[in-house]
Amino acid sequence: MATNEYDVVVLGTGAAGLTAAVTAAAHGATVGLFEKADKVGGTSAWSGGMVWIPNHPHLAEIGASDSREEALTYLDALSHGMIDPELAEAFIDTGPEMVTWLEAKTPVKFQVVEGFPDYHPEHPGGKPKGSRSLECVLYPFDELGEWADRVTVGRQMPETHLRMGETPLGSSSLDPITSAELERRRVRDERGLGQSLVGRLLRGCLDLGVEPVTGARAKELVVVDERVVGVRFDGADGPFEVRARGGVVLATGGFEWDESLVRGFLKGPLERSVSVPTNTGDGLRMAMRIGAALGNMQEAWWVPTVDVPDPGDPDGGTFPYLIMSQRTRPRLIMVNRQGRRFTNEAANYNASGAAFHEFDPTAFEYKNLPAWLVFDQVHLDRYGFANVRPGQPAPDYLTQAPTIAELELALGLPAGGLEATIERWNEHVAEGRDPDFNRGASAHDNWWGDPMHPGEPSATLGPIDTGPFYAVEVNAGALGTKGGPRTNGTGQVLDVDGMPIGGLYAAGNVMASSMGMTYGGGGGTLAPGMVFGYLAGKDAAESAGTV
Ligand SMILES: Cc1cc2nc3c(=O)[nH]c(=O)nc-3n(C[C@H](O)[C@H](O)[C@H](O)COP(=O)(O)OP(=O)(O)OC[C@H]3O[C@@H](n4cnc5c(N)ncnc54)[C@H](O)[C@@H]3O)c2cc1C
């Protein structure tokens with residue numbers, strides 16, 4: 001069994017782990033960076049790469065203003081007692097510092113995703129016109145050398161050469177991208193989204209001599225005199241152990257791919273996970289084994305998904321596709337097994353998790369699972385659906401019927417329920433309002449809706465009146481879980497008595513999130529992950545005596 005010694009050991013190569021690693025290394029630490037998968041980047045590389053940083057240093061460029069007070073007021077308004085104020089303050093206070101530091105010391109370069117509203121923008125301190133969501137500018141992957149092919153690419157966004165506004169994740173008002181521009185970007189493999197974020201952080205690590213070790217699954221923390229001093233791994237060539245003088249940073253993502261942990265902790269059904277399948281709660285288990293306190297365990301970054309054919313699967317399998325702007329456009333509603341609407345379809349995806357988890361105590365069942373998206377031919381022609389482009393024929397995975405009555409029958413819904421729902425919906429749409437669920441009342445709903453009706457309720461309200469009619473089952477999915485070991489404001493893991501466990505840090509989806517059950521705005525998961533990675537990397541480097 002070989003033993004290597006570092007100042008700081010980081011487990012996981014998502015945005016949280018890479019930020020911890022680059023920060024520790026730039027503060028003079030020797031860093032060991034270990035990844036369980038064969039490729040680096042985790043779910044972060046599959047993501048849109050948006051980072052939600054209130055009061056960040058790029059505000060002046062877009063003539064916007066923000067403050068610590070507004071940001072804390074906003075989080076407090078959404079907290080429902082779930083957000084730990086120490087963590088919220090650490091996040092809000094450190095976010096701007098982290099952006100400035102990363103831009104000064106690493107290849108990371110951000111720009112504002114203009115106009116992207118907060119997810120609950122009408123709450124106190126919210127930003128209906130956006131300003132808090134950042135993304136990295138395009139990054140030429142040829143600068144990564146042999147590492148360019150070792151960054152994982154997700155199925156939702158196989159075209160890597162896009163910016164946020166050019167994908168349905170970044171709003172429905174897609175910026176046009178010409179084929180000439182796409183070709184230009186391909187010359188140096190200029191990538192956007194999570195690819196750019198991960199690529200830039202990875203380059204920063206490589207520049208400082210931190211080369212990730214892939215295929216290395218951390219299994220167990222080594223504890224001496226109540227302090228974490230190392231990690232035991234399963235590697236490609238068998239077990240090995242490393243030592244860490246300053247600390248070990250857990251950045252191993254959530255536990256969404258571990259059935260027993262999901263069953264044991266989450267507050268409601270999780271039907272689909274869209275993260276990398278290596279996120280099986282290893283960091284959580286390691287922390288539990290040595291007596292870490294846990295927090296926020298019932299929560300995930302909930303998101304509705306629809307199963308669509310996986311073009312990369314020769315056996316004809318499917319993968320869960322995130323339904324973002326698709327849910328919010330006119331001429332589409334979401335109904336339960338009674339054929340009734342049950343929520344504002346255009347509301348923030350994370351908050352819609354609560355609607356899927358509504359429980360009927362008499363029937364003793366989840367009222368809104370299963371659920372279906374229902375839409376008409378005009379919707380399909382105008383907006384397409386998931387990976388189907390406008391004007392393309394309806395794919396086989398949609399249930400199709402010439403009338404609503406026949407659609408009901410095909411879905412096995414009670415006769416007349418869906419018809420009555422659609423009749424009511426169409427009446428309200430004609431009046432330009434949704435008295436049942438207030439769809440179209442928030443700047444959020446309208447931003448994601450039809451770009452031809454900017455800022456208007458008609459961006460998201462539209463009649464379902466032109467057959468054939470379509471339906472597809474929608475699932476309660478998650479981007480990842482957000483509970484785990486509790487930390488203090490510097491990312492140190494706490495024990496069950498609330499005291500820091502010497503030498504152990506956590507950042508990203510592995511930790512008890514600083515966001516409680518909230519998703520503040522676009523980038524609301526990556527941002528706290530990176531901020532706590534930054535705090536942890538710096539503190540661990542300091543503990544090793546390198547600063
Ligand atoms: C399509 C899509 C779009 C998204 N867009 C956004 C967005 O724009 N903004 C946003 O904020 N969020 C977004 N998200 C969510 C976001 O990607 C995740 O919440 C975030 O990436 C989590 O970061 P992380 O570093 O904690 O975990 P990950 O990025 O998942 O990294 C964890 C890493 O740890 C590794 N690992 C696990 N166990 C071990 C072990 N035992 N030893 C060593 N390594 C281990 C994993 O293999 C993985 O590589 C999106 C997600 C998806 C799927």
Side-chain angles (χ1 to χ4, degrees), residues 9-20 32-53 113 116 133-136 151-158 164 167-170 192-194 197-198 201 212-221 231-235 248-258 272-286 300-301 303 305 319-322 324 349-350 477-482 484 506-511 513 515 519-530 532-533:
V9 168
V10 178
L11 309 178
T13 57
L18 290 172
T19 305
L33 175 57
F34 297 91
E35 168 57 53
K36 174 179 174 180
D38 293 334
K39 293 196 171 187
V40 297
T43 318
S44 306
W46 292 7
S47 79
M50 263 197 292
V51 181
W52 188 74
I53 304 281
V113 184
F116 202 101
S133 298
L134 301 168
E135 68 178 328
C136 277
V151 176
T152 179
V153 175
R155 287 167 298 186
Q156 174 112 9
M157 293 185 292
M164 199 62 201
T167 79
L169 282 183
L193 309 168
L197 177 66
V198 163
L201 287 168
V213 179
T214 55
R217 178 182 189 174
K219 294 276 285 184
E220 197 181 0
L221 298 166
V231 184
R232 295 195 183 95
F233 291 86
D234 273 348
V248 172
V249 183
L250 302 173
T252 49
F255 58 83
E256 58 275 6
W257 285 97
D258 184 285
R272 300 287 187 276
S273 293
V274 297
S275 61
V276 288
T278 38
N279 288 353
T280 54
D282 294 350
L284 170 62
R285 281 207 165 82
M286 286 188 270
W301 307 103
V303 67
T305 65
F319 77 96
Y321 193 96
L322 302 186
M324 314 294 254
Y349 44 88
N350 175 64
L479 303 172
T481 55
K482 62 193 299 202
N509 287 355
V510 72
M511 71 180 265
S513 176
M515 296 288 115
Y519 202 132
T525 85
L526 286 167
M530 291 174 66
F532 280 89

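Numbers here are sequence positions counted from 1. Scope of the values below: all heavy atoms of this structure, side chains included, with no hydrogens, waters or symmetry mates. Order of listing sets the numbers, starting from 1, for every ligand and every atom in it.
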Minimum heavy-atom distance between [X] and [Y], given as atom pair plus value:
X	Y	value
T481	G254	OG1-CA, 3.2 Å
M50	S133	SD-CB, 3.8 Å
A527	I53	CB-CD1, 3.8 Å
R155	P320	NH2-CD, 4.5 Å
W301	N350	CA-OD1, 3.5 Å
W46	P277	CH2-CD, 4.2 Å

Protein residue, atom and distance nearest to [atom], heavy-atom basis:
atom	result
atom 39 (C) of ligand 1	T252 CG2, 3.5 Å
atom 14 (N) of ligand 1	S47 CB, 3.8 Å
atom 28 (P) of ligand 1	T43 N, 3.5 Å
atom 16 (C) of ligand 1	T525 OG1, 3.3 Å
atom 49 (O) of ligand 1	E35 OE1, 2.7 Å
atom 42 (N) of ligand 1	A218 N, 3.0 Å
atom 11 (O) of ligand 1	L526 N, 2.7 Å
atom 27 (O) of ligand 1	G253 CA, 3.8 Å

Side chains of [X] and [Y]: does their closest heavy-atom pair fall under 4.5 Å?
X	Y	result
N509	E256	no
Y519	V303	no
V248	M286	no
Q156	V274	no
E135	V51	no

Test of understanding: given a 4.0 Å heavy-atom threshold, classify the contact between [X] and ligand 1 as side chain, backbone, both, or neither.
X	result
N279	side chain
D282	side chain
F34	backbone
V40	neither
A251	backbone

N/O to N/O below 3.5 Å, does that happen between [X] and ligand 1?
X	result
G522	no
S275	no
A527	no
N509	yes
L479	no

Q) Any donor and acceptor pair, going by atom type alone, linking the side chain of W257 with main-chain N or O of V276 inside 3.5 Å? A)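 Checking the backbone N and O of V276 against the side chain of W257, a donor-acceptor pair under 3.5 Å is found.
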Q: State whether the side chain of S44 and the backbone N or O of A15 hold a donor-acceptor pair below 3.5 Å, judged by distance alone.
A: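 Judged by distance alone, yes, a pair lies under 3.5 Å.
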Say whether [X] and ligand 1 are in contact under the criterion: heavy-atom distance to a ligand atom below 4.0 Å.
X	result
G523	yes
Y519	yes
G480	no
G524	yes
A45	no

Which of the ligand 1 atoms, numbered from 1, are nearer than 4.0 Å to a heavy atom of [X]:
X	value
R217	41 (N), 42 (N)
G48	3 (C), 4 (C), 5 (N), 6 (C), 7 (C), 8 (O)
L322	1 (C), 2 (C)
V274	53 (C)
A15	25 (O)
A16	25 (O)
G41	29 (O)
T278	37 (C), 38 (N), 46 (C), 47 (O)

(Q) Just to be sure I'm reading this right: ignoring hydrogens, which of M164, M50, K36 gets closest to atom 43 (C) of ligand 1? Compare them by their nearest heavy atoms. (A)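 The residue whose heavy atom sits nearest atom 43 (C) of ligand 1 is K36.
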Q) Looking only at non-hydrogen atoms, which of G14, G508, S44, G529 approaches atom 23 (O) of ligand 1 most closely? A)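 Looking at heavy atoms only, S44 sits closest to atom 23 (O) of ligand 1.
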Rounded to the nearest 0.5 Å, how far apart are [atom1] of [X] and [atom2] of [Y]?
X	Y	atom1	atom2	result
W52	M515	CH2	CE	6.0 Å
M324	T305	CE	OG1	11.0 Å
E35	L18	CD	CG	9.0 Å

Q | Partner of K36 under side-chain contact (heavy atoms from CB on, under 4.5 Å), chosen from T280, N279, L11, T13 | A | T280
**Q.** With R217, the side-chain hydrogen bond (donor to acceptor under 3.5 Å, both in side chains) member among D234, T252, T278, D282
**A.** D282
(Q) Determine whether L322 and L479 satisfy the following criterion, side-chain contact (heavy atoms from CB on, under 4.5 Å), listing intermediate values before the conclusion. (A) CA-CA 9 Å; L322 302 186; L479 303 172; 3.9 Å; yes
